[in-house]
Q: 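Let me give you the structure first, and then I'll get to my questions.
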Amino acid sequence: MNNHDTIVAISTPQGIGAMAIIRMSGSRALEIVCALSQKSSFSPRYATLSAIYDGVGDLVDEVIVIYFKAPHSYTREDVCEIQCHGGLVSAQMILQLCLQAGARLAYAGEFSKRAFLSGRIDFSQVNAIARLIQSKSEHMTKVLARQLKGELGEFVEEVREGLLGLLAHSEVMIDYSEEDIPTDIAANITLQLDGLKNRLQRVYDFSSMRQGLVEGYRLCIIGKPNVGKSSVLNAILLYDRAIISPIAGTTRDTIEESIQVSGHCIRLIDTAGIRETQDTIESLGIQKSLQAAKESDIILAVFDTSREFEAEDKEILALLEASKNQHCIIVLNKNDLPQKMDTKAFSHSCNFPYQAISINAKDTQDCAYQIKEILSAILQEDQAGSEVLLTSLGQMQALKATIESLQEALRVWETLELELFSYHITDAIQAISSITHPYEISEMFDKMFGEFCLGK
Ligand code: GDP
């Protein structure tokens, strides 16, 4: 693989459609498009109506060519985009002509790789592009679009700048004896470090709580046997199927199905296993519920109000009480049957935040409507706002490692162990940098020599 090759690919899905786009990047991109269109040049950033001819001069298609002159392109190389007619043949023929004229077929992700290597985008933007393509909800798309625009990159840059400043201070002071370090500088560094650590912790906590916005919210339905869990699940899914197109590729047999509520993706965690263990509900059944609850963002606990409140129901309530990080929805089911559950006494037993609805799961439409209304209200509270949001496990791990290194740095700063302090700050810089682009030691030198007048 040669980074100086001119690469080409069809960027749009192949098949029947109004248009297709062939993208070419590299030093020969313009020359190749000029040869195929029998033109001498194209004005950068203009959509130019053109024709594409094959090797014997026959017209292949009428197209629009847009030329992005280096470095003002996605890859920072010369890029030409050919918009041709969609369908199965035209784009393929033009692609073949580009290959014959000297371009090479691009590898998967190679345009983005070039964009990254040329410094046009950072890791966080690469991540955003990859996920944006697969985004399953409007909210996820919006969060990723912000990341693509560079919001996360700016945040990382700001943190790096702060840390590099601290590192430079420390490196300078290593040469001083302990008594010579001005106390106001020492106090100021503690303050800065503490502020930075708290800021990062806020972003981490916020991102942990909002992963549902990115990954889709995980919802599990729990309850003892026969309370109506499957009926509720079916009501949500069937209603959803009837109104909103289903997410392809999911089946009831596998672990998850997804629905859309107010622009959010909700992944239903199947707790079917609970039903299989009716005889041992206290042991395995409850354990499965516990596991499902732990893995979810929203717990939908179903109770049968046509039966007395029983020990198993109590266990479910205890489980909800223990689930502090999840939204709890209590579904009082079978309200069409004679009621035996004392719902007042029941609500007194609920010593945790929850929202409740009373339904008859057999009335599919009303059941689905009520559940979606309540979900919609819960998700409304969970908007991303203007806070920075991490969108991948790797980013979360990087931030966690940064915070841990800062904690260590704070600890050794108190005893003015400057070399250890520098070591932990360097670790922190490396960890935070892995979100966007690797840290180089020369940056610290630049900072050190750029900002300090050492006078020696
Ligand atoms: P699960 O074991 O908790 O999944 O419960 P199911 O959904 O399989 O329901 C158990 C039984 O209760 C089935 O016969 C359902 O038809 C019935 N059922 C579920 N919800 C209701 C309801 O709201 N009203 C009535 N009358 N029957 C219901």
Side-chain angles (χ1 to χ4, degrees), residues 218-243 246 250-259 261 266-296 298-321 323 326-347 349-350 354-375:
R218 287 158 305 180
L219 177 145
C220 75
I221 303 177
I222 62 170
K224 65 184 183 187
N226 279 320
V227 289
K229 296 183 296 296
S230 314
S231 307
V232 167
L233 181 65
N234 284 339
I236 305 175
L237 291 175
L238 291 174
Y239 182 74
D240 195 58
R241 292 246 152 92
I243 291 184
T250 52
T251 69
R252 278 295 315 277
D253 302 325
T254 57
I255 194 94
E256 279 180 18
E257 303 231 18
S258 299
I259 57 167
V261 175
I266 296 192
R267 296 155 54 189
L268 301 163
I269 301 177
D270 197 348
T271 55
I274 295 167
R275 285 193 299 280
E276 291 157 18
T277 57
Q278 294 189 6
D279 297 337
T280 53
I281 182 74
E282 290 92 339
S283 54
L284 196 55
I286 290 291
Q287 264 170 33
K288 286 210 179 217
S289 304
L290 195 68
Q291 191 55 33
K294 260 194 205 152
E295 290 168 4
S296 62
I298 302 165
I299 304 173
L300 218 117
V302 185
F303 296 89
D304 180 350
T305 51
S306 71
R307 279 152 70 184
E308 304 272 358
F309 186 75
E310 293 167 351
E312 289 100 332
D313 294 311
K314 214 169 162 190
E315 293 218 37
I316 300 279
L317 287 187
L319 193 154
L320 294 182
E321 200 166 345
S323 308
Q326 284 87 353
H327 296 284
C328 296
I329 303 175
I330 288 183
V331 179
L332 299 169
N333 191 29
K334 307 200 187 182
N335 69 6
D336 56 313
L337 297 177
Q339 302 291 284
K340 290 213 178 118
M341 190 184 273
D342 180 352
T343 44
K344 261 206 182 121
F346 175 88
S347 63
S349 318
C350 299
Y354 69 94
Q355 306 199 46
I357 47 170
S358 166
I359 57 155
N360 158 16
K362 288 195 149 183
D363 180 350
T364 328
Q365 198 153 335
D366 179 64
C367 168
Y369 174 78
Q370 285 211 52
I371 289 175
K372 288 197 172 181
E373 280 289 291
I374 211 159
L375 284 175

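When a ligand or atom number is given, it counts from 1 through the structure's own listing order. For the single chain, residues carry numbers from 1 onward in sequence order.
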Q: Geometry only, no angles: is Val227 polar-contacting ligand 1 at N/O separations under 3.5 Å?
A: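 For ligand 1, there is an N or O atom that lies under 3.5 Å from one belonging to Val227.
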Q: Within the side chain of Lys334, is there an N or O that forms a donor-acceptor pair under 3.5 Å with the backbone of Ser306?
A: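 Looks like no, no N/O pair under 3.5 Å.
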Q: I need the contact type for Asp336 against ligand 1. Using non-hydrogen atoms and a strict under-4.0 Å cut-off, is it side chain, backbone, both or neither?
A: side chain
Q: If you round to the nearest 0.5 Å, how far is CE of Met341 from CG of Asn335?
A: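 It comes to 12.5 Å.
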Q: Could you check which of Ser306, Ser231, Ser358, Cys367 puts a non-hydrogen atom nearest to atom 9 (O) of ligand 1?
A: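 Closest candidate by heavy-atom distance is Ser231.
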Q: Just by modelled atom types, is the Val302 backbone N or O under 3.5 Å from a matching donor or acceptor in the Asn333 side chain?
A: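 Not a single qualifying donor-acceptor pair exists.
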Q: Consider every N or O of Ile359 and every N or O of ligand 1, then say whether any pair is closer than 3.5 Å.
A: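 There is no such contact.
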Q: Identify the residue among Ile266, Thr364, Ile371 that makes a side chain to side chain contact (heavy atoms under 4.5 Å, CB included) with Ile236.
A: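 Passing option: Ile371.
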Q: Counting only N and O atoms by type, is there a donor-acceptor contact under 3.5 Å from the side chain of Gln355 to the main-chain atoms of Ile374?
A: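 No, because the side chain of Gln355 does not come within donor-acceptor range (under 3.5 Å) of the backbone of Ile374.
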Q: I'd like to know if the side chain of Gln370 and the backbone of Ile357 have a donor-acceptor N/O pair within less than 3.5 Å.
A: no
Q: Minimum distance, heavy atoms only, to atom 12 (O) of ligand 1: which one of Lys334, Lys362, Lys224, Lys229 is it?
A: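 The option holding the nearest heavy atom is Lys334.
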Q: Can you sort out which atoms of ligand 1 are near Leu337, meaning under 4.0 Å from one of its heavy atoms?
A: 26 (N)
Q: Pull out every atom of ligand 1 sitting under 4.0 Å from any heavy atom of Ala361, numbered as shown with elements.
A: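 Near Ala361, the atoms of ligand 1 are 20 (N), 22 (C), 23 (O).
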Q: What do you reckon, does Asn335 have a nitrogen or oxygen under 3.5 Å from a nitrogen or oxygen of ligand 1?
A: no
Q: Measuring from atom 10 (C) of ligand 1, which candidate in Ile221, Thr305, Asn226 has the nearest non-hydrogen atom?
A: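 Going through Ile221, Thr305, Asn226 one by one, Asn226 has the nearest heavy atom to atom 10 (C) of ligand 1.
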Q: Below 4.0 angstrom, N of the basic side chain to O of the carboxylate: do Asp313 and Lys224 qualify?
A: yes
